[in-house]
Number of protein chains: 2
Amino acid sequence: MFLVKGYEATGIAEILREAGVNSGSLYYFFKTKEDLLLAVLDWYTAHLRPEVIDPVFARVNDPIERVFGVLESYRTMLTMTDCRMGCPIGNLAIEMSEQSESVRRKILLNFENWRHVVRQCLVDAGGRLPKDIDRDDLSTLVLTVMEGAVMQARAHRSLKPYDASVALLRDYVLRLEAAARASYSNVTPSN
Amino acid sequence: MFLVKGYEATGIAEILREAGVNSGSLYYFFKTKEDLLLAVLDWYTAHLRPEVIDPVFARVNDPIERVFGVLESYRTMLTMTDCRMGCPIGNLAIEMSEQSESVRRKILLNFENWRHVVRQCLVDAGGRLPKDIDRDDLSTLVLTVMEGAVMQARAHRSLKPYDASVALLRDYVLRLEAAARASYSNVTPSN
DNA sequence: GTCTATAACTCGATAGAC
DNA sequence: GTCTATCGAGTTATAGAC
């Protein structure tokens with residue numbers, strides 16, 4: 001609920017009702033509402049690889065296609081929720097970054113975790129991308145596009161902004177690959 | 001305060017204190033808290049051009065540079081607020097899109113307003129961009145990159161993700177311009 | 001049109017029985 | 001470890017004097 005509706009908009013009473021427990025039980029495990037959020041963010045960090053990344057990597061082998069496979073899985077999330085939920089972390093990133101320092105740090109960790117996966121794919125792509133394109137920066141752009149596109153899709157209640165953004169990101173990557181091929185053939189004359 | 005801290009996190013009492021008025025005055029003009037937010041969003045729509053766009057357009061003439069000039073002004077906002085505030089609409093877009101339909105519509109209007117400015121620049125760029133690149137889609141990508149980059153800059157409390165994202169967007173646009181030049185010389189042989 | 005006072009309610013959190 | 005009952009503060013919004 002924090003991830004979907006946001007922190008402030010989610011009341012403890014609502015959480016208790018949904019969980020079918022009483023406040024005593026919740027406060028036995030979590031000292032405060034913020035403590036509960038921190039635990040949710042830890043859970044989400046642990047959940048990214050087994051639930052989101054691994055299924056994509058199991059069916060896609062090409063490192064660059066894997067990146068777009070991950071983006072595809074966020075598209076699926078938008079589809080299934082009628083564009084009401086995209087990346088759950090992005091919501092909280094904006095709402096909580098200046099309200100709580102410890103929450104901000106955990107959100108950062110989630111972003112870095114995500115970006116690490118993408119960066120590894122880009123590194124695995126090796127010479128298919130121009131060597132003067134920083135892989136870390138490119139992984140930042142991929143996260144940027146995902147988050148910005150999800151935001152617009154939610155505001156529009158439509159996949160169109162998401163699809164348009166990802167399609168142009170793909171166009172960019174294709175042009176990067178073409179440039180890498182061209183510069184490769186400069187160094188090593190073909191046949 | 002809605003734009004900086006979010007809707008739920010901003011209390012009426014806080015607004016009254018900051019404004020130096022009493023609740024009776026506020027509720028004389030605005031029926032509810034949501035009504036006040038809707039008025040703020042209207043105000044923001046009206047202020048985009050005179051306060052954000054016009055100053056940039058006054059000092060930059062090149063249509064493509066104008067787009068990056070606008071992005072530069074969001075960078076300035078991040079700098080001045082120590083990366084605590086970027087695009088004020090993005091915050092609300094995520095927080096309020098599913099809480100209130102009328103708020104969502106006004107946020108959409110703000111996005112469309114912004115995107116319209118960028119799209120016009122891209123249309124003005126004419127043949128400098130490949131003709132098979134949809135200008136509307138590209139304006140979506142520009143907004144996507146701005147919002148996603150601002151989100152990460154806030155989470156990191158650093159300009160680095162913003163700068164990296166915008167630099168790669170510029171690299172993409174440069175490659176698009178190069179491609180347009182190349183295809184132009186195919187049609188109209190040079191000299 | 002602005003004030004003070006407060007209604008009506010929800011919030012996060014606690015106490016203590018079981 | 002979970003329950004019920006409730007505290008105290010904070011919330012949005014209203015009433016009525018001026």
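Throughout, protein chains are lettered first and strands after them, A, B, ... in sequence-line order, and every chain is numbered starting at 1.
A salt bridge links A:Arg104 to A:Glu101: at least one charged side-chain nitrogen sits closer than 4.0 Å to a carboxylate oxygen. The pair B:Arg181-B:Glu177 does not meet the salt-bridge criterion, since no charged nitrogen lies less than 4.0 angstrom from a carboxylate oxygen. Salt-bridge annotation for A:Arg170 and A:Glu65: present, with a side-chain N of the basic residue lying under 4.0 Å from a carboxylate O of the acidic one.
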_Check against salt bridge (charged side-chain N to carboxylate O under 4.0 Å, His left out), B:Arg157 and B:Asp82_ = CA-CA 7 Å; B:Arg157 284 277 160 74; B:Asp82 197 24; 5.7 Å; no
*Go through the steps to decide whether A:Gln152 and A:Ser165 satisfy the test side chain to side chain donor-acceptor pair (under 3.5 Å), and finish with yes or no.*
CA-CA 10 Å; A:Gln152 278 182 86; A:Ser165 299; 4.8 Å; no
Extract from the structure each pairing of a protein N or O with an N or O of nucleotides 10-14 of chain D at less than 3.5 Å, listing the distance.
residue : atom : partner : partner atom : Å
D:dT12  : OP1  : B:Ile12 : N            : 3.4
D:dT12  : OP1  : B:Lys33 : NZ           : 3.0
D:dT12  : OP2  : B:Ile12 : N            : 2.8
D:dA13  : OP2  : B:Tyr27 : OH           : 3.1
D:dA13  : OP2  : B:Lys33 : N            : 2.7
D:dT14  : O4   : B:Ser23 : OG           : 2.7

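Applying the ring pair (Phe, Tyr, Trp, His ring centres under 6.0 Å) test to B:Tyr162 and every residue at least two apart in sequence or in another chain returns nothing.
Contacts between chain A and DNA chain C, taken as any atom within less than 4.0 angstrom of a protein heavy atom, begin and end at C:dG12 to C:dT14.
Below 30°, between 30° and 60°, or above 60°: for A:Trp114 and A:Tyr74 the angle between ring planes is above 60°, a perpendicular geometry.
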